[in-house]
There are 2 protein chains.
Amino acid sequence: MTQRRGRFPTREELRIWRDFIETTEALRAATAARLLSESGLSTGDYSVLLALSEAENGRLRSSELAATIGWERSRLSHHLGRMDRRGLIRRENCTEDNRGAEAVLTEEGAAAFHRATVPHLRAIRELFVDGLTPAQIRAAGDLAAALRDHLILDREKEENL
Amino acid sequence: MTQRRGRFPTREELRIWRDFIETTEALRAATAARLLSESGLSTGDYSVLLALSEAENGRLRSSELAATIGWERSRLSHHLGRMDRRGLIRRENCTEDNRGAEAVLTEEGAAAFHRATVPHLRAIRELFVDGLTPAQIRAAGDLAAALRDHLILDREKEENL
DNA sequence: CGGAAATGATTGACGTGTCAATTATATTCC
DNA sequence: GGAATATAATTGACACGTCAATCATTTCCG
């Protein structure tokens with residue numbers, strides 16, 4: 001086996017990179033478009049509503065919510081603003097810490113989430129699961145794990161510069 | 001083997017779906033952030049500049065360019081507007097068809113592209129290639145092919161409704 | 001020829017994501 | 001106690017993507 005690390009990607013590696021990144025992006029876009037057209041929710045909305053639905057009393061501190069779904073604060077803040085305007089959530093001040101804010105699931109938000117769930121699961125099956133063999137699905141899990149671990153390593157290396 | 005098609009994803013399939021979609025999104029974001037910080041170009045800029053660099057005389061009809069990189073017209077139009085403002089490309093009227101427009105690579109655009117290439121290839125190696133075994137890279141290619149074919153089928157089914 | 005339809009491209013509105021700056025409150029520690 | 005600092009969250013500016021509407025030109029065809 002020849003030395004690979006430290007060199008540029010080969011033509012073949014580059015071809016696979018492009019295929020992979022473009023296809024996963026297309027898959028993401030297709031799922032998002034289905035969710036939006038079938039339920040009026042964006043994937044962002046869905047993540048927020050899912051997290052709130054699973055939270056106690058349908059409410060979470062902004063920072064908890066951000067951590068749960070892995071978003072930056074400001075992204076969440078902007079998004080909650082839009083969801084608030086649409087009546088999907090409500091914002092309340094946090095009693096224990098006056099700096100804090102809580103996002104609260106509204107009835108309307110809960111209803112929208114419930115309407116969205118079944119079609120969304122169906123879309124995931126149709127667009128992802130049905131396109132792959134069981135072995136390929138396992139391979140997708142392996143790939144995700146390997147890439148995620150590697151990304152984390154890389155980020156840590158960056159930070160300890 | 002039990003019947004799977006037509007049912008909701010299993011817990012395990014759903015876990016893999018989430019892992020997969022989140023990780024590929026994180027990978028995309030990480031590569032884009034590297035490219036931007038190292039060269040001042042977005043991945044969109046890079047795609048456009050790559051296509052123009054490979055085109056004859058560094059120029060392409062808008063529609064050709066859109067087809068080459070697989071973008072919608074309006075997306076390209078907005079993007080070319082931004083790149084034009086930054087001096088990376090120039091727009092010219094098409095002589096054969098007065099409706100048409102051509103995007104032309106400027107010296108500045110070509111220079112920016114050349115500065116970006118090496119660091120970008122390095123980032124792809126570091127973030128993608130180095131995180132996977134050769135077998136996993138092949139698996140990524142297989143997955144992309146399977147998902148892409150399936151997405152196309154699905155789109156065709158949709159259109160012939 | 002001349003009007004209807006098709007084609008190439010742009011535009012505006014709006015949701016989304018990131019970054020840097022800001023505001024407000026809480027904590028730390030001299 | 002009170003200034004320095006840290007933390008929670010919001011805001012503004014700007015790039016990006018999508019959709020529907022628009023505009024100009026060309027093509028089709030009666």
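Note on naming: letters A, B, ... go to the chains in the order of the sequence lines (proteins, then strands), and numbering restarts at 1 for each one.
Per the geometry, CG belonging to A/L76 stands 13 Å off P belonging to D/dA8, to the nearest Å. Atom pair A/R28:CZ and D/dT18:P shows a separation of 8 Å (rounding to whole Å applied). In this structure, A/D97 places its CG atom 8 Å from C1' of D/dT7, rounding to the nearest Å. Protein atom CD of B/E96 is 13 Å distant from nucleotide atom C1' of C/dG8, rounded to whole Å. A/L36 places its CG atom 12 Å from the C1' atom of C/dC14, with the value rounded to the nearest Å. Remark: P of C/dC14 and NE2 of A/H79 are 17 Å apart, rounded to the nearest angstrom. The separation between A/L65 atom CG and D/dT10 atom P is 11 Å, rounded to whole Å. The distance from atom CZ of B/R91 to atom P of C/dG8 is 17 Å, rounded to the nearest whole Å.
Note that OG1 of A/T24 is 8.5 Å distant from CD of B/E25, once rounded to the nearest 0.5 Å. How far CD1 of A/I124 is from CD1 of B/I21: 9.0 Å, rounded to the nearest 0.5 Å.
Here A/N98 does not reach the OP1 or OP2 of D/dA8: none of its side-chain N or O atoms lies under 4.0 Å away. Within the 4.0 Å cut-off from OP1 or OP2 of D/dA9, at least one side-chain nitrogen or oxygen of A/R61 is found. Dashed line: the shortest gap from a side-chain N or O of B/R82 to OP1 or OP2 of D/dC16 is under 4.0 Å. In this structure, A/S63 reaches the D/dA9 phosphate: one of its side-chain N or O atoms is under 4.0 Å from OP1 or OP2. Residue A/R73 places no side-chain N or O under 4.0 Å from the OP1 or OP2 atom of D/dT11.
When distances run from any side-chain atom of B/R99 to the nucleotides C/dT18, D/dA9, D/dA24, the shortest one goes to D/dA24.
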List the atom pairs, with distances to 0.1 Å, where a side-chain N or O of residues 47-58 of chain A and a protein N or O form a donor-acceptor pair under 3.5 Å, not counting sequence neighbours.
from: A/S47; atom 1: OG; to: A/T43; atom 2: O; distance (Å): 3.1
from: A/S53; atom 1: OG; to: A/L49; atom 2: O; distance (Å): 2.7

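The aromatic rings of A/F20 and B/F20 lie perpendicular to each other, with more than 60° between the two planes, well past the 30° mark. Ring-plane geometry between B/W71 and B/H79 is classed as perpendicular, the angle between the planes exceeding 60 degrees on a 0 to 90 degree scale with a lower cut at 30.
Mapped onto DNA chain C by nearest heavy atom, B/A33 and A/R85 fall at different nucleotides, with A/R85 at the one closer to the 5' end. Each of A/G100 and A/E25 has a nearest nucleotide on DNA chain D; the 5'-most of these lies closest to A/G100.
The heavy-atom pair separating A/T23 from B/A144 by the smallest distance is CG2-O, 3.5 Å. A pairwise comparison of heavy atoms in B/A146 and A/L132 identifies CB-CD2, 3.8 Å as the closest pair.
The residue A/R86 sits apart from the nucleic acid: no heavy atom pair falls under 4.0 Å. Counting any heavy atom pair closer than 4.0 Å across all strands shown, B/S77 reaches a base atom. At a threshold of 4.0 angstrom between heavy atoms, the contacts of A/H78 include nucleobase atoms, whether or not backbone atoms are also involved.
Residue B/S42 places no side-chain atom within donor-acceptor reach of the base of D/dC16, judged by atom type and a 3.5 Å distance cut-off alone.
Over its length, the helix from C/dC1-D/dG30 to C/dC30-D/dG1 turns its helix axis by 0°, as judged from the five terminal pairs at each end, rounded to 10°.
No donor-acceptor pair closer than 3.5 Å links the side chain of B/S77 to the backbone N or O of B/R73.
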